[in-house]
Amino acid sequence: MSTKAPKTAISPTRAENYNEWYQKIVRASDIAELSGVRGCQILKAWGYGTWEQMQHDLDRRFKDTGHENYYFPMYIPISYFQREADHVEGFAKEMAVVTHHRLTKNADGKLVPDGELEEPLIIRPTSETIIGESMSKWIQSYRDLPLLLNQWANVSRWEMRPRILLRTAEFLWQEGHTAHETKDDAMRETTQMLEVYRAFCEDVLAIPVITGEKIAAERFPGAVNTYCIEAMMQDGRALQAGTSHYLGHSFAKACTIQFQSRTGSLDYVHTTSWGVSTRLLGALVMTHGDDNGMKMPPRIAPYQVVIIPILREDSPKEEIMTACEKLKADLLNETLDGQPVRVKIDSRDIQSSEKRWDWIKKGAPLIVEIGAKDIASGKVCVTRRDKLEDGKRFDERGTFVGNIGLELATIQQALFDTAAAFRASRLVRDIKDWAAFEAYFSKDEDGGFTGGQGFVRAKWCGDETSLTKLDVLGVTVRCIPFDQDGCEGVCVLTGRPATLEVIFARAY
RNA sequence: CGGAGAGUAGCUCAGCCCGGUAGAGCACUGCCUUCGGGAGGCAGGGGCCGGAGGUUCGAAUCCUCUCUCUCCGACCA
């Protein structure tokens, strides 16, 4: 019995059921899977490898801006955590709490917690308080400032409704924490790191983002200002891809981080924090995935070129493998952005067609097949993942190798352009009143995928009580974009005069 | 955390209503034939039916509790 091959590698397709497509593609691309532990995920080699690429790139950007890596404990005494009231308010409902320090067997032979801790520990949801504790000891004078540190770590937030890669009980991230002498210095840091994130997302992940500030209701608990980069997923929903906070004196006061100023006074430092997480993997999937799987932007792909030897019973196996090795070696001498091209030879003992689909689903940017015919002709058979519909092409071997850096850069740009065009097609600017607004977010499918519709950029009066109107639509204010037009207009929610432009959208 | 649905082979599921100790397709293993393409044939391996109790001579099937996942809602730096 022959089963008909599906038209698409991922089923259902995005149009059929976007949510299910998302879960399927995450699995099929071998990026991550759910674990047996409630709300927790396993990052697999292809997903973790992508995260490692992100880490390398971001870490360099952090170092270039003067930061150094530290590592702080995962356990935070409740007494530290509760020092900042807003912080407690924001996070208390999703804490994992450690109350015991050993296990013993009970009468039934079952292991039960024993040895209750005098003071329970929480597992960090973020580290402002425990880092603040150290900063208060390390900082004495203005000469100790600025203190610019970063930590790569796991954090835990007990989410009620987990969603793989986007919202899990444990995830990996980096959190930058800095302390400054003045508000201006801290604000510069906050905006500088947001810009680092923007550049990283757009240039490396090929995800176009909108930079802006969060409204009060969406701020980080304890922050004075929260800034963000917001990306649009293929269902039109917004995803916060990174945040940067100016924390003012909140944690300085909570943790008593003081310094003697140039004039001799004892002042509180101004702190900031900023972070991105493995959620970016989810953003990548929902930005670049299609119905055949993932498309990894070359700058972040663990392997940019995958070589598949085409081996038949009668093939000169050694000769083909040697040719593959030689091609790999030649490609390793080529570069993208000054970095050696990342190449993998897939020598698994399975059918070559299966390997090919495997890498299509994973989203390797370029798949090269080498068989006896190619060696004879001096050519290579190339599949460009972002142009699957073009099929295979046959390049002169030397041409392919010589152009590899250029081609990877071309693919990178093509992915960004596609994502930017998609966002542009769903970024609406001409909605001026509530009737049009409500109609936009209430309309049925218009040929796109389910859910979010898109972004509405419109005038808003700034009165947060007006936002209750949005509840029934499931829409929120994603950010106040930096590039305000400053023009006078009418608030789309209240009809009152307004100069503020905001992005309205459904969000993840 | 509230409402709904679902957990049976690695995956997708049938069997459950009408209890009699497990099946299909795909995947996997071996052999053969194929193969520039998500192959075909034959032969195999693999599950104590999410877990714990209970009812019964007997439970995947009935009852109770519990865990996990999915969807909707609340919540969500």
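Everything numeric in this text was worked out from a predicted model, so none of it was measured. Values reported hereafter were calculated over all heavy atoms of this structure, with side chains retained and with hydrogens, waters and symmetry mates removed. The chains referred to below are lettered A, B, ... by the order of the sequence lines, with proteins before strands, and numbering in each begins at 1.
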Output one line per pair: protein atom, nucleotide atom from nucleotides 67-70 of chain B, and distance, for all N/O pairs under 3.5 Å.
residue	atom	partner	partner atom	Å
B:rC69	OP1	A:G39	N	2.7
B:rU70	O3'	A:Q23	NE2	3.2

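- Among the heavy atoms of the strands, none lies under 4.0 Å from A:K355.
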Pull out every protein N or O sitting under 3.5 Å from an N or O of nucleotides 42-44 of chain B, one pair per line with the distance.
none

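- When the P atom is used for both B:rC63 and B:rC69, the distance is 24 Å, rounded to whole Å.
- As rounded to the nearest Å, B:rC49 and B:rG10 have C1' atoms that lie 16 Å from one another.
- Within the 4.0 angstrom heavy-atom criterion, base atoms lie near A:A372.
- Among A:H177, A:E68, A:Q174, the single residue meeting the side chain to side chain donor-acceptor pair (under 3.5 Å) criterion with A:N150 is A:Q174.
- Across all strands, A:T126 comes closer than 4.0 Å to no nucleic acid atom at all (heavy-atom distances).
- No engagement by A:G90 is indicated, since no non-hydrogen atom pair under 4.0 Å with the nucleic acid exists.
- Among the heavy atoms of the strands lying under 4.0 Å from A:Q351 is at least one base atom, whether or not backbone atoms are also near.
- Counting any heavy atom pair closer than 4.0 Å across all strands shown, A:H245 reaches sugar-phosphate atoms only and no base atom.
- Using a 4.0 Å heavy-atom distance criterion, A:W173 is classed as a base contact.
- A 3.5 Å limit on both hydrogen-bonding distances identifies no Watson-Crick or G-U partner for B:rC48.
- The two atoms that bring A:V285 and A:W21 nearest to each other are O-CH2, 3.8 Å, heavy atoms only.
- Contact check on A:E354 versus A:R348 returns no salt bridge, with no Lys/Arg side-chain nitrogen under 4.0 Å from an Asp/Glu carboxylate oxygen.
- Residue A:Y227 is out of contact with every strand shown, counting any heavy-atom pair closer than 4.0 Å.
- Among the protein residues, A:R219 comes within range of the sugar-phosphate backbone only, with heavy atoms under 4.0 Å from sugar or phosphate atoms but none that close to a base.
- The base of B:rG36 sits with one of its N or O atoms less than 3.5 Å from a complementary donor or acceptor on the side chain of A:D374.
- Separation of the P atoms belonging to B:rA27 and B:rC18 is 38 Å when rounded to the nearest angstrom.
- Residue contacts for A:K24: at a heavy-atom cut-off of 4.0 Å it reaches no nucleic acid atom on any strand shown.
- For the OP1/OP2 pair of B:rA39 and a distance below 4.0 Å, the side-chain nitrogens and oxygens of A:S353 include at least one atom meeting the criterion.
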